[in-house]
Structures are given as C-alpha cells and as structure tokens.
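The structure under discussion appears below in the form of structure tokens.
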Amino acid sequence: QVQLVESGGGLVQAGGSLRLSCAASGRILGTYVMSWFRQAPGKEREFVAAVSKFSAITYYADSVTGRFTISRDNAKNQVLLQMNSLKPEDAAVYYCAASSLYSRDYRRYDYWGQGTQVTVSS
C-alpha cells in the first residue's frame, strides 16, 4: 500500500516556475513507476511526466517537453516536478500517481495523491 501527498502548487505568472513535490509513504524505489498527471476543469486527466523505477528513464508529454523536469529523490522517498516557463494552459490540478508498469493512461495507475492546484495568470 502506498500513500501519496502532493504539495507545491500555487499561483504564478506566465513564464514563472513552480516545483511540485510528491511524498510517498511506503517504499517506491524499484517498485513503482511514478508519474504526474493533470486535470483542468471540464477536461480529461492527462499525462504530464513519468520516471522509471530506478530513475534511469523519464517520459514527458509533448506539451511540457523542455519546460518540465521530473525526478526522484530516493533518499526522501519523493518525486519532484520542476515546472519552468509556465503557460496559462498549464493551469490544472496536478496529481502524483504510482503504477507497477509505465503507462500514459491514468486508468492503469494504482495509487493517487489528492492533487495540488496550479494556477497560471497571463
């Protein structure tokens, strides 16, 4: 069983940066692929980024490639999402999720955090 708690969301101007954190209870290193998804009002939850079980491989949605960076801090058992050059269209609730296998389909994820709101003003 894994519990995930996100933090770091907030209000930022377009072009600014935020860093999201996902703290995990339970061992995630070597066990789970860790991902970030986001969901804007009226839209389906969409894949943002993922990091493999041992941090060797990262994956990104085309819309965030070059601006967002996902990483794992294995010593702290947490996952980070550094978001730079934020755009108004990045505004959403951001969720951390864990899965035994990599997927961009949110329905394949076993564990979810409660989400953290990111608002980007233009």
Side-chain angles (χ1 to χ4, degrees):
Q1 188 76 11
V2 174
Q3 291 184 325
L4 305 172
V5 179
E6 302 96 335
S7 62
L11 172 64
V12 64
Q13 287 187 332
S17 299
L18 281 175
R19 189 176 77 164
L20 305 184
S21 297
C22 172
S25 65
R27 182 177 176 84
I28 60 173
L29 174 62
T31 304
Y32 297 104
V33 173
M34 300 300 298
S35 297
W36 288 93
F37 288 80
R38 66 187 182 187
Q39 188 167 19
K43 294 187 177 181
E44 191 173 26
R45 192 166 296 190
E46 66 172 353
F47 171 80
V48 175
V51 59
S52 62
K53 295 179 182 181
F54 291 100
S55 306
I57 305 172
T58 55
Y59 309 86
Y60 296 95
D62 290 344
S63 59
V64 306
T65 297
R67 299 188 297 122
F68 291 11
T69 302
I70 189 171
S71 61
R72 304 175 73 129
D73 185 334
N74 295 318
K76 296 182 178 180
N77 212 37
Q78 65 181 18
V79 181
L80 306 174
L81 184 68
Q82 178 67 42
M83 306 187 296
N84 298 328
S85 301
L86 281 161
K87 304 176 181 179
E89 52 263 42
D90 294 318
V93 177
Y94 282 70
Y95 298 91
C96 177
S99 175
S100 55
L101 295 174
Y102 166 66
S103 175
R104 296 189 177 217
D105 185 346
Y106 68 90
R107 291 163 290 192
R108 296 187 177 275
Y109 281 74
D110 305 305
Y111 302 103
W112 291 88
Q114 82 289 349
T116 185
Q117 178 72 51
V118 172
T119 304
V120 184
S121 63
S122 57

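When each of Arg45, Glu44, Glu46 is tested with Gln39 by the rule side chain to side chain donor-acceptor pair (under 3.5 Å), just one qualifies, namely Arg45.
By the rule that hydrophobic residues join a cluster once side-chain heavy atoms approach within less than 4.5 Å of another member, Val51 and Val2 end up as members of one cluster. Val79 and Phe47 fall into different hydrophobic clusters, where Ile, Leu, Val, Met, Phe, Trp and Tyr are joined by side-chain heavy atoms under 4.5 Å apart, directly or via other members. Using a 4.5 Å cut-off between side-chain heavy atoms of Ile, Leu, Val, Met, Phe, Trp and Tyr, with links allowed through other members, Phe68 and Met34 fall into the same hydrophobic cluster. Under the 4.5 Å side-chain heavy-atom criterion for grouping Ile, Leu, Val, Met, Phe, Trp and Tyr, Val120 is not connected to Leu11 through any hydrophobic cluster. Under the 4.5 Å side-chain heavy-atom criterion for ILVMFWY residues, no single connected hydrophobic cluster contains both Leu18 and Val5.
No more than 12 heavy atoms of other residues, nucleotides or ligands sit less than 6.0 Å from atom CZ of Arg19.
Contact between Glu6 and Tyr94 at its shortest, heavy atoms only, is OE2-O, 4.0 Å. Minimum interatomic distance between Tyr60 and Ala49 (heavy atoms only, all atoms of both residues): CD2-CB, 3.6 Å. Counting all heavy atoms, side chain and backbone alike, Tyr111 lies closest to Leu4 at O-CD1, 3.7 Å. Of all heavy-atom pairs between Ser55 and Arg72, the closest is OG-CD, 3.2 Å. Here the shortest heavy-atom pairing between Pro88 and Ala14 reads CD-CB, 4.1 Å. Taking all atoms of both residues into account, the shortest heavy-atom contact from Gly115 to Val93 is CA-CG1, 3.8 Å.
Remark: side-chain polar atoms of Asn77 are paired, donor with acceptor, to backbone N or O of Ala24 under 3.5 angstrom. A distance-only check finds no donor-acceptor pair linking the side chain of Tyr102 to the backbone of Lys53 [under 3.5 Å]. Looking at Ser25, its side chain does come within 3.5 Å of a backbone N or O of Gln3 through a donor-acceptor pair.
Leu20 contributes atom CG, which lies 9.0 Å from atom CG of Leu80 (distance to the nearest 0.5 angstrom). The distance from atom CD1 of Ile70 to atom CD of Gln82, rounded to the nearest 0.5 Å, is 12.0 Å. Once rounded to the nearest 0.5 Å, the distance linking OG1 of Thr31 with CZ of Phe54 reads 7.5 Å. Leu86 CG to Gln13 CD: the interatomic distance, rounded to the nearest 0.5 Å, is 11.5 Å.
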After noting the C-alpha distance and the side-chain angles of Leu81 and Arg38, does the key distance pass the side chain to side chain contact (heavy atoms under 4.5 Å, CB included) rule? CA-CA 12 Å; Leu81 184 68; Arg38 66 187 182 187; over 6 Å; no

Tyr106/Tyr95 under side chain to side chain contact (heavy atoms under 4.5 Å, CB included): CA gap, chis, key distance, verdict: CA-CA 10 Å; Tyr106 68 90; Tyr95 298 91; over 6 Å; no

Please lay out, stage by stage, how Ser99 and Tyr32 fare under the test side chain to side chain contact (heavy atoms under 4.5 Å, CB included). CA-CA 5 Å; Ser99 175; Tyr32 297 104; 5.7 Å; no

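Looking at heavy atoms from C-beta onward, Met83 lies out of side-chain contact with Asp90 at the 4.5 angstrom threshold. Two residues are said to be in side-chain contact when any heavy atoms from C-beta on lie closer than 4.5 Å; Cys96 and Trp36 meet this criterion. Taking 4.5 Å as the limit, every side-chain heavy atom of Arg108 sits out of range of all side-chain heavy atoms of Ser35.
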